[in-house]
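Okay, so here's the structure we're looking at.
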Amino acid sequence: MMNFFYISLTALSFSWFLTAKPNMIVIMCDDLGYADVGFNGCKDIPTPNIDSIAENGVRCSNGYVAYPVCGPSRAGFITGRYPQRFGFERNPQYKPNDPGMGLTRDEKTIPELIKPAGYHSGIIGKWHLGAHFPTSHPMKRGFDEFYGHLGGGHSYLPEKLTIQRSQDAKNESDSYRTWLLKNYQSVPPRKYLTDDFSDEAVAFIERNRDWSFFLFVSYNAPYTPLEATNKYLKRFPEIKDAKRKTYAAMVSAVDDGVGRMLSELKKFNLEENTIIAFLSDNGGPSGKNASNNEPLRGNKGDVWEGGFRVPFAIQWKGKLPKGSVYKNPVSSLDLAGTIVALAGVAIPEEKPLDGVNLIPYLNGKNKSKPHETIYLRQFDRNRYAVRNGNEKIVILWKGGSPSLYDLSNDIAEENDLAKERPDRVREIDELRKKWNRQLREPTFLGLIHSPGWPKRRRK
Ligand code: CA
């Protein structure tokens with residue numbers, strides 16, 4: 001009797017232990033401009049559902065990602081560590097036979113880190129961290145479920161997806177036309193890709209509502225190709241520019257999906273137990289997809305703010321103040337730091353996270369800054385950006401002297417103050433050199449590299 005009582009109690013507390021851990025949903029857009037959501041002032045594309053995350057939570061006006069293009073930014077987010085530390089500094093080529101072309105197994109992903117705390121993890125949408133099934137498939141990297149595509153982008157229209165097996169795509173552009181993967185299985189496309197991913201996200205929430213989950217909703221929208229259905233296009237009769245119109249339609253489709261996820265969480269009474277983060281993986285490439293990063297300088301791929309400062313908002317009902325704005329710099333790396341802290345799992349000592357738990361900062365309990373310094377290096381271009389406090393140095397070529405901008409009154413980085421503040425330039429450049437010594441060279445060739453680029457490849 002005693003034994004039975006003890007076992008029941010243990011089982012009870014064990015299940016409480018599991019359900020008490022908060023869920024996390026990260027909704028990441030691809031190449032969405034800083035100014036292309038209502039909460040950052042967008043006027044021509046209504047995004048009421050995305051905005052509701054900021055209205056019911058915190059808008060982070062100084063939210064950064066770890067790199068201004070997709071692959072490395074995502075490698076940073078999923079590990080909570082600067083991708084330059086482990087050589088993921090280029091967009092990987094689509095190589096289903098190359099285990100080295102993706103996220104190294106020496107690094108742990110969020111799902112791998114929080115699995116010991118009982119989390120069930122899913123990814124829906126774009127992966128872009130390696131196409132080698134046996135080592136790089138999301139389910140080989142800690143995810144329990146996958147629905148999406150392995151490459152860096154995808155066509156949105158079912159009739160364009162003519163390559164059945166992902167393994168048969170020979171290069172990046174082929175990979176845009178594969179069927180989708182449901183776990184390891186190739187499945188025929190069902191509908192407009194963004195709607196398809198939203199359906200899956202809603203189903204994931206319903207299926208996993210009784211235990212702690214981590215869900216990465218990795219929309220490839222509004223990344224090129226610019227493709228949208230009439231349902232969304234006809235919402236924008238007043239936009240005359242064809243590119244901007246299609247882009248707006250694509251963003252609107254994402255917004256609908258976000259609304260459906262939020263309703264699902266409400267329906268199952270999960271809002272108080274679920275952290276929802278929304279962000280873009282890098283700045284908008286204005287010329288390519290008609291995105292808008294104003295008032296920031298630069299675009300996707302740049303070390304200017306427009307390259308890696310992104311729309312960023314976090315909601316956690318009852319835990320984070322409603323409708324507040326947080327102005328200290330935060331990083332996409334902090335999403336790993338946050339969920340890992342809430343899950344209560346240990347981090348390997350030799351691989352500390354660069355991300356921190358944001359909750360005490362966002363709820364005002366910790367008045368200091370989550371990060372004194374935000375770093376960026378682009379190895380192939382010899383470019384750097386280092387922000388310390390409100391001042392930021394920018395280096396644009398090898399041996400180039402840094403320029404300095406004060407973001408507190410010059411968000412558009414127009415006034416180079418390097419000559420007026422030489423001490424600060426020196427200080428911040430010292431921080432840069434110190435950080436740079438901790439990094440390694442890229443371990444694989446990028447999309448832009450031809451096979452005859454052997455010099456910088458280490459393995
Ligand atoms: Ca991107």
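Read the numbers this way: they start at 1 and go in the same order the structure lists the ligands and their atoms. Side-chain atoms are counted along with the backbone in the values below, which use heavy atoms only and exclude waters and symmetry mates. All figures in this text were calculated on a predicted structure; none of them were measured in a lab.
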Before you tell me yes or no, could you show the steps for Phe204 and Tyr147 under ring-ring contact (aromatic ring centres under 6.0 Å, His included), namely the whole-Å CA-CA distance, both residues' side-chain angles and the distance that decides it to 0.1 Å? CA-CA 10 Å; Phe204 180 97; Tyr147 183 77; over 10 Å; no
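- The CZ atom of Phe308 sits 11.0 Å away from atom OG of Ser332, with the distance rounded to the nearest 0.5 Å.
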Chi angles and distances behind the ring-ring contact (aromatic ring centres under 6.0 Å, His included) call for Tyr384, Trp435 = CA-CA 11 Å; Tyr384 295 86; Trp435 179 69; 7.4 Å; no
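- For the pair Pro68/Gln378, a side-chain contact is recorded, criterion being any heavy-atom separation below 4.5 Å from C-beta on.
- By the criterion of a separation under 3.0 Å, the protein N/O/S atoms near the Ca ion (ligand 1) amount to Asp30 OD1, Asp31 OD1, Cys70 SG, Asp281 OD1, Asp281 OD2, Asn282 OD1.
- For the residue pair Asp354 and His371, no side-chain donor N or O sits within less than 3.5 Å of a side-chain acceptor on the partner.
- With respect to the salt-bridge test (charged N to carboxylate O, under 4.0 angstrom), the residues Asp410 and Arg297 do not qualify.
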